[in-house]
Amino acid sequence: MFKQLTGKYDKGHAHISIHPGVGGEDAKNWANMLLNMYVKYAQKRGWKVSLIDERAIDIRGEYAYGSLKKEVGVHRLVRISPFDAKQLRHTSFALVEVLPELPELEAKNLTIPPEDLKFELSRSSGPGGQNVNKRETAVRVVHLPTGLAAASQVERSQSQNKEKALSLLKAKLFKLMEEKQERELSKLRTKVTPEWGNQIRSYVLHPYQQVKDHRTKMVSHQPDKVLAGDLDKFINAELQ
């Protein structure tokens, strides 16, 4: 598998964040299910996983980013909604974002003008010690020219979360610059928004059982196993 992983950041660690689409509790629950799927996949590979935010994780392991980078995109779930008293079938969407961990030197070389940044503070909602829900330690940073944002609430202090959020934001900007083939932040003036319509993979739990990748045409009729982290054949097909 590693023969295909020759990209600049492929051998390094990965950051995954999940963004629920429209659909209320169903979409939020689907985002949580996806995050859990990637946690279990990483654990099967022997990689170290740490929670960064409510729906974001760091995965530390050799070739973590290269293995997971093609998971980026919209994932679609079809099921009988556990939140619907009428037991109707619902479709939910979530956007998966995968970022590499930037080498320290590259992160230092990317200087963002302070006026292009907006910091938002809030109380941490996850585990993290006695300071949780007492002080505003969670930090979200927005890059105003592009609309890109990153957040962290796992660290114990506001300054540590600010540093982590800024590091994630820089990774997003590096990725955007690579995609746009632009080298100056001054040229990145269009707001980036996820497109919910183009799913890369569908997970159907009702009326039949199937997971289908719409790019590689890979299919599994055991969605429970896939959602429990059995992603190897999908990831291998994507890399090939």
Side-chain angles (χ1 to χ4, degrees), residues 1-19 31 33-53 55-76 94-110 148 150-152 154 164-183 192 194-195 198-203 211-220 225-240:
M1 181 173 88
F2 295 150
K3 290 180 180 179
Q4 289 86 18
L5 301 180
T6 57
K8 187 173 183 179
Y9 306 112
D10 283 358
K11 197 173 182 179
H13 310 314
H15 173 84
I16 294 182
S17 54
I18 316 287
H19 307 277
M33 289 169 65
L34 281 172
L35 195 69
N36 188 54
M37 178 181 76
Y38 291 118
V39 168
K40 290 183 176 179
Y41 171 74
Q43 290 171 340
K44 288 176 185 287
R45 295 289 300 268
W47 295 335
K48 183 180 178 182
V49 182
S50 56
L51 183 70
I52 297 302
D53 200 1
R55 295 188 184 91
I57 53 174
D58 273 345
I59 299 178
R60 305 188 68 80
E62 193 174 43
Y63 289 103
Y65 176 69
S67 300
L68 291 163
K69 65 183 180 182
K70 292 187 180 294
E71 290 295 294
V72 169
V74 176
H75 294 241
R76 169 177 172 260
L95 178 69
V96 174
E97 185 177 43
V98 185
L99 296 170
E101 182 181 75
L102 292 178
E104 188 175 345
L105 183 61
E106 289 194 38
K108 283 183 177 179
N109 286 340
L110 177 56
L148 293 175
S152 175
V154 72
K164 178 66 178 178
L166 199 52
S167 174
L168 292 173
L169 181 66
K170 287 184 177 183
K172 292 188 180 190
L173 287 168
F174 261 103
K175 189 173 182 183
L176 182 61
M177 285 190 287
E178 283 189 338
E179 290 170 355
K180 300 286 185 180
Q181 295 185 328
E182 299 283 1
R183 298 302 170 195
V192 178
E195 296 180 359
N198 295 323
Q199 63 265 17
I200 63 166
R201 192 179 298 148
S202 293
Y203 306 70
V211 179
K212 180 177 180 179
D213 195 291
H214 302 291
R215 301 160 299 175
T216 64
K217 310 305 178 186
M218 180 63 68
V219 172
S220 169
K225 285 190 174 182
V226 175
L227 291 170
D230 190 6
L231 286 171
D232 280 335
K233 71 176 184 179
F234 288 100
I235 286 174
N236 290 341
E238 288 160 7
L239 294 177
Q240 291 169 8

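All of these numbers come straight from a predicted model, not from anything done at the bench.
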If the condition is side-chain hydrogen bond (donor to acceptor under 3.5 Å, both in side chains), which residues does [X] pass it with, not counting sequence neighbours?
X: S202; value: R76, H214
X: K8; value: E106
X: K172; value: E97
X: R55; value: N32

(Q) Between D58 and K164 (salt bridge meaning N to carboxylate O under 4.0 Å), is one present in this structure? (A)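 Judged by the 4.0 Å cut-off on N to carboxylate O distance, D58 and K164 do form a salt bridge.
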
Q) Between the main-chain N or O of V98 and the side-chain N or O of K175, is there a donor-acceptor pair closer than 3.5 Å? A)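 A pair under 3.5 Å: yes.
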
Would you please name every residue forming a salt bridge (Lys or Arg N to Asp or Glu O under 4.0 Å) with [X], sequence neighbours left out?
X: E238; result: R201, R215
X: K48; result: none
X: K212; result: none

Q: Identify, with sequence neighbours excluded, every residue that meets ring-ring contact (aromatic ring centres under 6.0 Å, His included) alongside H75.
A: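 Here the qualifying residues are Y203.
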
Q. Got a sec, which residues hit side-chain contact (heavy atoms from CB on, under 4.5 Å) with K44, two or more places apart in sequence or on another chain?
A.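 Applying side-chain contact (heavy atoms from CB on, under 4.5 Å) to K44 gives none.
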
Q: Quick one: list whatever passes side-chain contact (heavy atoms from CB on, under 4.5 Å) with D10, sequence neighbours left out.
A: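 Listed in chain order: L5, Y65, K69.
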
